[in-house]
Amino acid sequence: MIEISGLTKRYGATTVLDGIDLRVEDGRIAAVVGPSGAGKSTLARCVNLLERPTTGSIAVSGADLAALSGRDLRRARQQIGTVFQSANLLRRLTAAQNVALPMRNQGLAEAEVRRRVGDLLERVGMLNRANHYPSQLSGGQRQRIGIARGLALKPSVLLSDEATSGLDPDSTRAILALLTELRDDLGVTILVITHEMDVVRGIADHVAQLDHGRIIEQGSVADVVRRSDSPLATALLPMPP
Ligand code: ATP
Ligand code: MG
């Protein structure tokens, strides 16, 4: 479970996140939507502790990350896999080597690394691209490798920041199917940052709308779409064909 309470992030005099409360139950997918500059990526960076919150707490599976440091923090962060829009793969490493990197950094035995890389590449449908370099992969394929790498340390939580933006509909569908599968098969708790309402409709259990650093509306997708006068419900209506 991810439990964010009273999360505030300030850079100097600028308040980017202002009292965020958000809970994602185990094995659920929550989407955070909102306009550019709303604070979505900052929220994701606070949850994986790339940024320190100014105030508030972020509990992942019970442990308050903001209160940890040193080895305890590193251990807690291993529970959190992250996938960014650009996938951030290392250009000089093959797909398989990119996926293996977090495990090698952990000092896992080579036989175990190889076995798990094979499993992960298979899960994301990229076994036949294992020896390709990032420049030899499409955007959607790079994203899938990024997801496989995000899962390398068997996280209980996966953060995805705009993982499907800029992808064609087929690649987007493949990534969304993969995220749903991770939730359903492995019970991974997933926080998806997106500006695409299709993504929310397609996979999210819970949705929160962020604006100017505050959550202005949230709820289960099933409930939100039934609300009258709700901007989020309107945004979630499918486009007429
Ligand atoms: P987008 O949809 O464009 O990705 P976002 O919702 O992810 O937007 P953030 O990247 O979280 O937005 O940025 C939110 C605000 O915080 C922006 O106004 C940005 O300028 C500001 N901001 C982000 N990082 C910093 C920083 N290190 N120092 C100062 N301001 C920052
Ligand atoms: Mg962003």
Side-chain angles (χ1 to χ4, degrees), residues 2-24 29-60 65-66 69 73 77 80-89 139-140 142-147 149-150 155 157-169 171-172 175-176 178-179 189-204 206-219 221 224 230-236 239:
I2 309 172
E3 194 157 20
I4 300 167
S5 315
L7 171 61
T8 299
K9 178 68 189 178
R10 279 191 282 273
Y11 294 105
T14 313
T15 300
V16 175
L17 296 175
D18 189 6
I20 302 288
D21 296 311
L22 177 67
R23 208 164 110 132
V24 192
I29 299 179
V32 174
V33 299
S36 182
K40 304 182 298 296
S41 294
T42 306
L43 176 63
R45 289 202 309 272
C46 284
V47 173
N48 69 12
L49 272 272
L50 284 175
E51 296 277 2
R52 280 275 175 179
T54 307
T55 61
S57 69
I58 299 163
V60 173
L65 299 182
S69 60
L73 178 61
R77 283 193 61 192
I80 306 171
T82 308
V83 190
F84 295 110
Q85 177 176 3
S86 57
N88 289 328
L89 301 178
R142 282 199 286 269
Q143 280 306 86
R144 288 197 245 177
I145 300 298
I147 291 173
R149 187 188 51 188
V157 165
L158 190 67
L159 303 178
S160 154
D161 189 358
E162 304 283 8
T164 58
S165 59
L167 297 183
D168 64 72
S171 306
T172 297
I175 301 264
L176 298 185
L178 178 60
L179 293 177
T189 306
I190 303 175
L191 185 67
V192 178
I193 311 278
T194 184
H195 62 267
E196 297 164 297
M197 288 298 172
D198 283 347
V199 171
V200 180
R201 271 196 300 276
I203 63 167
H206 187 92
V207 59
Q209 164 120 36
L210 201 60
D211 198 13
H212 291 97
R214 295 180 186 209
I215 291 183
I216 54 171
E217 189 178 357
Q218 68 171 316
V221 173
V224 164
S230 148
L232 201 44
T234 311
L236 279 169
M239 294 283 186

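All ligand and atom numbering here is 1-based and tracks the order in the structure. Because the structure is a prediction, the values reported are computed rather than measured.
With 3.5 Å as the limit, one finds a donor-acceptor pair spanning the side chains of T164 and E196. With 3.5 Å as the limit, one finds no donor-acceptor pair spanning the side chains of D21 and S5. Counted by atom type alone, D168 and S171 present one or more donor-acceptor pairs between their side chains at under 3.5 Å.
Protein N/O/S atoms nearer than 2.8 Å to the Mg ion (ligand 2) total 1.
A donor-acceptor pair under 3.5 Å links the side-chain atoms of T54 to the main chain of R10, judged by distance alone. With hydrogens and angles disregarded, no donor-acceptor distance shorter than 3.5 Å links the side chain of K9 to the backbone of L43. With hydrogens and angles disregarded, no donor-acceptor distance shorter than 3.5 Å links the side chain of D18 to the backbone of R214.
Partner L17 forms a side chain to side chain contact (heavy atoms under 4.5 Å, CB included) with one of T8, I4, L7 and no other, that one being L7.
Partners of K40 under the salt bridge (charged side-chain N to carboxylate O under 4.0 Å, His left out) rule, at least two apart in sequence or in another chain, do not exist in this structure. Legend: residues meeting salt bridge (charged side-chain N to carboxylate O under 4.0 Å, His left out) with E162, ordered by chain and number and at least two apart, are absent.
Protein residues having a heavy atom under 4.0 Å from any atom of ligand 1 are Y11, V16, P35, S36, G37, A38, G39, K40, S41, T42, R45, listed by chain and number.
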